[in-house]
There are 2 protein chains.
Amino acid sequence: MEGTVREMATVSSAVAAVRDSRDSAAASAGVSKSTLAYAYIKERIEDSRYSPGYRLVLGTIAGELGVSVVPVREAIRLLEAEGLVQFERNVGAQVAMADPREYEVTMQTLSLVEGWATAASAPFMASEDVARARAINDRLAESLHHFDPVAFTRLNLDFHSVLFEHCPNPHILDLVDRGWARLRALRESTFSFVPGRAKESVAEHARILDLIERSADAVELEFAARNHRLATLDAFLAHERATHPAKAVSGRRVSPAPTAVPSGGHSRPGSKTTVDKESA
Amino acid sequence: MEGTVREMATVSSAVAAVRDSRDSAAASAGVSKSTLAYAYIKERIEDSRYSPGYRLVLGTIAGELGVSVVPVREAIRLLEAEGLVQFERNVGAQVAMADPREYEVTMQTLSLVEGWATAASAPFMASEDVARARAINDRLAESLHHFDPVAFTRLNLDFHSVLFEHCPNPHILDLVDRGWARLRALRESTFSFVPGRAKESVAEHARILDLIERSADAVELEFAARNHRLATLDAFLAHERATHPAKAVSGRRVSPAPTAVPSGGHSRPGSKTTVDKESA
DNA sequence: CATGATGAGATCGTATATTATTTCGTACAC
DNA sequence: GTGTACGAAATAATATACGATCTCATCATG
């Protein structure tokens with residue numbers, strides 16, 4: 001399962017190469033057309049050339065790629081399985097809508113799987129991995145001055161990738177990848193960036209790194225990573241409420257507590273939901 | 001995303017209906033052929049008519065269903081995305097192999113998402129839901145005498161379904177569904193049933209229900225549910241080691257700790273990894 | 001003016017046909 | 001006898017073609 005997706009995700013750069021070199025066998029070397037279509041569409045979704053709601057018409061995309069509709073259709077169904085596009089029978093596909101609730105559940109899911117992956121990955125991290133992560137976090141801190149949201153987001157992913165990349169459970173690692181892919185697709189939302197959150201984020205990164213270096217308890221680390229993500233989500237929701245007070249996300253909440261790690265405690269600073277073994 | 005899968009999962013019974021009524025429009029009413037093929041194949045994987053390693057040949061299945069290969073192919077790719085089948089380019093698909101490691105990572109993943117889903121679902125459970133769950137657990141206890149692994153497994157899913165069905169995060173709920181689907185596919189393994197584990201399982205169910213009734217802390221509940229599943233996994237692995245001592249699953253372990261909730265504490269009974277707020 | 005029917009265009013769903021790839025058996029050379 | 005090259009059969013990958021379904025605009029009707 002993850003095999004396919006991961007493999008496909010790496011083909012992006014081959015898209016342009018194949019596109020117009022219609023003649024040679026070199027084009028068809030390696031990647032299948034459905035893989036090509038997959039990379040082509042995903043790339044466009046993630047960099048917002050296809051923004052949420054954009055209709056993905058089989059024939060059009062097939063024409064652009066110089067292939068038939070069959071592989072394009074397959075690519076779209078795969079993207080649907082990943083949640084990047086929505087699909088309706090006999091109607092067609094469109095890029096998944098970026099409503100706040102979607103962002104909320106995606107971040108919540110990511111907090112869960114990424115938290116676990118980070119904790120499970122930690123014991124396998126070499127000290128040089130920690131150093132690498134710290135270096136990235138330094139660049140994050142530095143970028144706070146001449147603040148560039150795009151660069152920040154990218155560095156942020158790089159940082160966390162180092163933390164969870166040694167996760168020994170491939171299923172969960174795959175879920176983490178998918179979560180980040182969805183976030184990239186929803187970037188609009190992410191970029192209604194919460195002012196000030198970036199600085200806190202860097203500080204929390206440092207704290208997580210400390211936990212890893214001390215070989216802290218796995219649950220403690222899991223919840224530190226989980227809460228780090230949930231804090232970003234909460235900041236976003238709070239910012240959302242402040243900005244659009246009327247149509248606030250007050251409908252049916254997605255989670256019982258304010259967002260939340262199930263304990264519901266994390267959003268009150270100082271009463272971290274983590275186990276607090278150290279405080280004694 | 002979950003829309004498709006969930007919808008498709010309910011079509012199973014329509015398979016037989018459509019199969020030979022080749023004539024009428026009534027057949028094609030509603031379900032698409034790819035949906036049909038999806039249900040047809042999944043049904044056979046889950047009831048082990050297609051056992052692990054079975055080769056899924058497009059033309060053969062298409063012939064059995066009286067459709068062309070195109071929808072069959074699509075169904076297989078979807079099943080691949082769910083991890084039920086393995087796929088190789090230009091070679092074909094086969095039912096995913098049921099090695100112990102696959103079982104291990106699947107159970108681990110399920111422990112994570114089901115634990116969260118259970119905790120998040122609890123606040124939305126009506127007292128009648130709890131009563132329903134307790135009734136199912138009573139039947140589980142009863143079934144311990146004239147022990148039937150198939151019936152037990154089914155009741156076990158029913159029980160847990162009641163616990164997590166109100167989970168407000170559809171993504172995570174979908175992941176739970178997929179986890180259980182994979183387990184069904186791996187049933188061989190599951191049925192190298194660990195003697196004695198069933199009784200413990202029933203007792204743990206009762207404890208979880210108590211936590212829910214007392215509106216216990218969400219983290220405590222999450223870890224109770226998580227550890228419940230991990231305990232089953234550990235029992236299986238221990239049993240595995242005892243049965244096949246030589247080729248024991250000692251290669252590269254999938255998880256740092258004995259299996260485990262990241263804390264690594266759950267396997268030592270009495271030092272439950274949960275927060276233990278109540279113990280004070 | 002509102003509302004429902006009707007038809008054209010767009011797009012999807014699937015069947016059929018063609019091409020490409022792999023696999024496996026067989027014959028030939030060493 | 002063993003290994004390698006070749007070729008045929010099986011199967012997947014894709015293209016093309018056609019039928020099915022939806023959408024939307026237009027028009028008739030109350």
Side-chain angles (χ1 to χ4, degrees), chain A residues 3-4 7-8 11 14-15 18-19 21-41 50 53-80 85-95, chain B residues 3-4 7-8 11 14-15 18-19 21-41 50 53-80 85-95:
Chain A
T4 306
E7 172 201 340
M8 283 186 155
V11 201
V15 176
V18 179
R19 266 227 282 168
S21 67
R22 200 72 50 81
D23 52 324
S24 69
S28 68
V31 296
S32 68
K33 313 236 171 148
S34 49
T35 306
L36 178 74
Y38 176 92
Y40 180 83
I41 300 169
Y50 294 166
Y54 183 93
R55 275 200 68 190
L56 301 168
V57 178
L58 295 183
T60 305
I61 297 175
E64 288 169 12
L65 283 169
V67 302
S68 84
V69 298
V70 179
V72 176
R73 178 185 165 85
E74 181 170 309
I76 287 181
R77 299 300 301 249
L78 274 183
L79 289 166
E80 186 204 6
V85 311
Q86 294 171 332
F87 195 86
E88 195 176 351
R89 169 108 190 260
N90 283 322
V91 173
Q94 58 181 43
V95 178
Chain B
T4 306
E7 171 201 339
M8 285 187 153
V11 203
V15 177
V18 180
R19 265 227 285 166
S21 67
R22 201 70 49 83
D23 51 328
S24 69
S28 70
V31 295
S32 68
K33 313 243 171 136
S34 48
T35 307
L36 178 74
Y38 176 92
Y40 178 84
I41 299 169
Y50 294 167
Y54 183 93
R55 272 201 71 192
L56 300 168
V57 178
L58 295 183
T60 306
I61 297 175
E64 288 169 12
L65 283 168
V67 303
S68 83
V69 298
V70 180
V72 175
R73 178 184 166 86
E74 180 169 309
I76 288 180
R77 300 299 302 250
L78 273 184
L79 289 165
E80 188 205 4
V85 312
Q86 293 171 333
F87 196 87
E88 194 177 353
R89 168 108 192 266
N90 284 322
V91 173
Q94 59 181 43
V95 177

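As the structure is a computational prediction, the values presented were derived from the model and not from experiment. In what follows, chains carry the letters A, B, and so on, assigned in the order in which the sequence lines appear, proteins first and then strands, with residues in each chain numbered from 1.
- Rounded to a whole Å, the CZ atom of Arg89(B) is 9 Å from the C1' atom of dT21(C).
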May I have the step-by-step check of side chain to side chain contact (heavy atoms under 4.5 Å, CB included) for Leu36(B) and Tyr38(B), ending in yes or no?
CA-CA 5 Å; Leu36(B) 178 74; Tyr38(B) 176 92; over 6 Å; no
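- In this structure, Leu58(A) atom CG and dT16(D) atom P are separated by 15 Å, rounded to whole Å.
- Going from atom CD of Glu74(A) over to atom C1' of dA15(D) covers 14 Å, rounded to whole Å.
- When the side-chain contact (heavy atoms from CB on, under 4.5 Å) test is applied to Val69(A), the partners found at least two apart in sequence or on another chain are Leu58(A), Ala62(A).
- No contact: Ile76(A) has no heavy atom under 4.0 Å from any strand.
- Atom-to-atom, CD of Glu88(B) to P of dA12(D) comes out at 12 Å; the value is rounded to the nearest Å.
- No hydrogens or angles considered: nothing links the side chains of Gln94(B) and Tyr50(B) as a donor-acceptor pair under 3.5 Å.
- The CD atom of Glu80(A) sits 13 Å away from the P atom of dC12(C) (whole-angstrom rounding).
- Comparing Val91(B) and Val70(A) by the nucleotide of DNA chain D whose heavy atom lies nearest to each, the residue mapping closer to the 5' end is Val91(B).
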Report each atom pair, protein N/O against N/O of nucleotides 17-19 of chain D, whose distance is under 3.5 angstrom.
none

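- Here the nucleotide nearest the side chain of Pro71(B), chosen from dT11(D), dA15(D), dT14(C), is dT14(C).
- In the set dT14(D), dT21(C), dC12(C), the nucleotide with an atom closest to the side chain of Asn90(A) is dC12(C).
- Atom CG in Leu56(A) sits roughly 19 Å away from atom P in dA10(C) (whole-Å rounding).
- Sorted pairs that involve residues 57-79 of chain B and meet ring pair (Phe, Tyr, Trp, His ring centres under 6.0 Å), not counting sequence neighbours, are lacking altogether.
- The pair Arg77(B)-Glu74(B) does not count as a salt bridge, with every side-chain nitrogen at least 4.0 angstrom from each carboxylate oxygen.
- Atom CZ of Phe87(A) and atom P of dC22(D) are 13 Å apart (whole Å).
- Residue Ser34(A) places at least one side-chain N or O closer than 4.0 Å to OP1 or OP2 of dT14(D).
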Residues Val72(B), Ile76(B); criterion side chain to side chain contact (heavy atoms under 4.5 Å, CB included); working and verdict
CA-CA 6 Å; Val72(B) 175; Ile76(B) 288 180; 4.2 Å; yes
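- In this structure, CZ of Arg73(B) is placed 13 Å from C1' of dA20(C), rounded to the nearest angstrom.
- Side chain of Lys33(B), nearest nucleotide from dA15(D), dA15(C), dC12(C): dA15(C).
- Across all their heavy atoms, Ile41(A) and Ala75(A) have their closest contact at CD1-CB, 4.4 Å.
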